[in-house]
2 protein chains.
Amino acid sequence: MDNLDRGIIDLLRQNARAGYGDIGQEIGLSASAVKRRVDRLTADGVIRSFTVQVDPAVDGLHTEAYVEIFCRGTVAPDELLRILADVPEVIDAGTVTGSADAIVHMRSRDIPSLEAALERVRRAPHVDHTRSAIVLSRLISRAVD
Amino acid sequence: MDNLDRGIIDLLRQNARAGYGDIGQEIGLSASAVKRRVDRLTADGVIRSFTVQVDPAVDGLHTEAYVEIFCRGTVAPDELLRILADVPEVIDAGTVTGSADAIVHMRSRDIPSLEAALERVRRAPHVDHTRSAIVLSRLISRAVD
DNA sequence: GCGGCCATGGACAACCTCGACCGCGGCATT
DNA sequence: AATGCCGCGGTCGAGGTTGTCCATGGCCGC
């Protein structure tokens with residue numbers, strides 16, 4: 001993981017379909033050297049996946065919420081992960097400091113489907129209650145993963 | 001925007017470097033038809049960009065937090081946007097229902113730099129106070145934008 | 001029915017990918 | 001210093017992919 005790798009990743013972030021030759025020309029490497037490095041970065045898990053950013057409105061995913069999860073007793077992160085992994089509406093989630101056990105970012109088609117997804121989380125074992133904040137207007141969306 | 005387009009986007013989400021021929025075989029279209037549709041989707045802004053998902057730990061961005069922002073009086077979303085756009089640690093943010101005015105997802109190198117970024121937000125005009133939940137362990141990270 | 005419109009599939013040249021092979025430089029061992 | 005090893009980059013060529021062209025066929029309004 002050197003400056004060359006970082007340069008390759010920067011370029012791929014801008015355009016993941018860029019040719020190896022083009023990338024190489026940019027950072028001063030041959031096409032095959034670039035491919036080798038990209039393969040290595042992918043195998044090592046540095047590059048998790050090649051993907052596309054799609055306009056969320058097109059998916060009809062207008063409705064978002066941040067949900068705090070409060071559990072009964074102590075719950076291992078693995079437990080929470082198993083619950084949340086089954087809910088596709090969950091975009092990102094993590095256990096947190098503070099009174100809540102976890103915060104979950106959800107995105108859904110509309111309020112009813114968001115409510116349905118929320119209900120699935122609420123019904124999970126150990127989950128005591130949740131506290132939702134529905135997103136009114138998205139201000140910033142810079143997330144890359 | 002039909003089922004074919006949706007199929008193409010689904011496949012590209014899984015692997016943005018997939019060949020047009022492969023995609024076509026999957027959804028029942030020729031390579032050229034697929035390319036045309038991808039070009040159109042890109043031109044129309046449905047596909048915003050082709051990108052890579054990189055392990056955040058590699059960037060040294062280990063530290064995350066969800067921050068609720070409470071303002072004095074009423075603040076227009078534009079105002080909040082201007083404040084938050086200047087803070088690169090902000091990954092995503094939105095105004096929300098509930099007692100907080102906005103929720104902000106931040107990612108930073110370490111606690112001190114997170115604190116510094118938080119301080120910039122707190123000092124902004126109209127911001128009364130904030131409430132932070134630092135992420136202990138990331139459970140899910142499916143966000144694509 | 002007819003013409004225009006649009007999307008598809010096929011064909012082909014240009015281009016890119018990807019694996020094999022080779023050379024170079026650093027490093028440890030002898 | 002010489003040797004062998006290892007990682008890394010360059011070059012090359014076969015095979016696959018891309019991107020453009022054109023002909024075809026469905027669909028709609030006239």
Side-chain angles (χ1 to χ4, degrees), chain A residues 1-62 88 107 109-110 141-145, chain B residues 1-62 109-110 141-145:
Chain A
M1 191 66 197
D2 54 12
N3 281 330
L4 256 34
D5 285 336
R6 268 182 283 275
I8 289 172
I9 287 174
D10 279 350
L11 290 170
L12 283 177
R13 253 204 266 260
Q14 288 165 41
N15 177 18
R17 282 189 83 87
Y20 294 131
D22 296 342
I23 295 171
Q25 209 151 24
E26 202 75 30
I27 60 167
L29 236 54
S30 74
S32 5
V34 173
K35 175 177 155 38
R36 261 193 295 265
R37 280 172 177 264
V38 171
D39 288 347
R40 178 170 51 73
L41 289 169
T42 307
D44 291 356
V46 176
I47 294 174
R48 285 200 189 148
S49 71
F50 296 87
T51 185
V52 284
Q53 285 186 261
V54 178
D55 185 349
V58 171
D59 293 347
L61 301 174
H62 302 277
R107 178 177 285 160
R109 216 175 62 250
D110 47 30
S141 174
R142 278 202 276 256
V144 199
D145 72 326
Chain B
M1 190 67 197
D2 54 11
N3 281 330
L4 257 36
D5 285 336
R6 269 181 282 274
I8 291 172
I9 286 174
D10 278 351
L11 290 169
L12 283 176
R13 253 204 267 260
Q14 288 164 41
N15 177 17
R17 283 187 84 88
Y20 295 131
D22 296 342
I23 295 171
Q25 210 151 22
E26 202 76 29
I27 59 166
L29 236 53
S30 74
S32 32
V34 172
K35 175 180 154 35
R36 258 192 300 270
R37 291 177 98 103
V38 171
D39 287 348
R40 179 172 49 72
L41 288 168
T42 308
D44 291 356
V46 175
I47 294 174
R48 284 198 189 150
S49 69
F50 296 87
T51 185
V52 283
Q53 284 187 263
V54 178
D55 185 350
V58 172
D59 294 345
L61 301 175
H62 302 279
R109 216 175 60 250
D110 47 30
S141 173
R142 277 203 276 258
V144 199
D145 74 328

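These numbers come from a predicted model, not from an experiment. Every chain is numbered from 1, with letters handed out A, B, ... down the list of sequences.
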Exercise for the section: Before giving the answer on side chain to side chain donor-acceptor pair (under 3.5 Å), spell out for S49(B) and Q53(A) the whole-Å C-alpha distance, their side-chain angles and the decisive distance to 0.1 Å. Expected result: CA-CA 5 Å; S49(B) 69; Q53(A) 285 186 261; 3.0 Å; yes

Just how far, in rounded Å, is [atom2] of [N] from [atom1] of [X]?
X	N	atom1	atom2	answer
I23(A)	dG10(D)	CD1	P	14 Å
L41(B)	dA7(C)	CG	P	12 Å
I27(B)	dA7(C)	CD1	C1'	13 Å
L4(A)	dG9(D)	CG	P	7 Å
R40(A)	dC18(C)	CZ	C1'	17 Å
N3(A)	dC8(D)	CG	P	15 Å

What donor-acceptor contacts under 3.5 angstrom involve side-chain atoms of residues 20-29 of chain A, with partners at least two apart or in another chain?
none

Practice task
Could you list the residues that satisfy side chain to side chain contact (heavy atoms under 4.5 Å, CB included) with D10(B), not counting sequence neighbours?
Solution key: R13(B)

Handout entry: Any residue meeting side chain to side chain donor-acceptor pair (under 3.5 Å) with S32(A), in chain and number order, not counting sequence neighbours
Key = none

Handout entry: Neighbour count >12 (heavy atoms, 6.0 Å) for atom CZ, R6(B)
Key = yes

Problem - Pair V46(B)-I9(B), side-chain contact (heavy atoms from CB on, under 4.5 Å): steps then yes or no - result: CA-CA 9 Å; V46(B) 175; I9(B) 286 174; 3.8 Å; yes

Handout entry: Nearest-0.5 Å distance, CZ of residue R17(A) to CZ of residue F50(A)
Key = 11.0 Å

Fill in the blank from the handout: Taken to the nearest 0.5 Å, the spacing of R48(B) CZ from D55(A) CG works out to 4.5 Å

Problem - Strand contacts (DNA chain C) in residues 5-12 of chain B, 4.0 angstrom heavy-atom criterion - result: none

Handout entry: Nearest heavy-atom neighbours spanning L12(B) and I47(B)
Key = CD1-CD1, 4.0 Å

Quick test: give all pairs of protein nitrogen or oxygen and nucleotides 26-28 of chain D nitrogen or oxygen below 3.5 Å, distance rounded to 0.1 Å.
none

Using a cutoff of under 3.5 Å, can you pull out all pairs of nitrogen or oxygen atoms linking the protein to nucleotides 12-20 of chain D, with atom names and distances?
| from | atom 1 | to | atom 2 | distance (Å) |
| --- | --- | --- | --- | --- |
| dT18(D) | OP1 | Y20(B) | N | 3.4 |
| dT18(D) | OP2 | Y20(B) | N | 3.0 |

Handout entry: Pairs where residues 35-47 of chain A contributes a residue and the test side-chain hydrogen bond (donor to acceptor under 3.5 Å, both in side chains) is met, not counting sequence neighbours
Key = D2(A)-R37(A), D5(A)-R37(A), D5(A)-R40(A), K35(A)-D39(A)

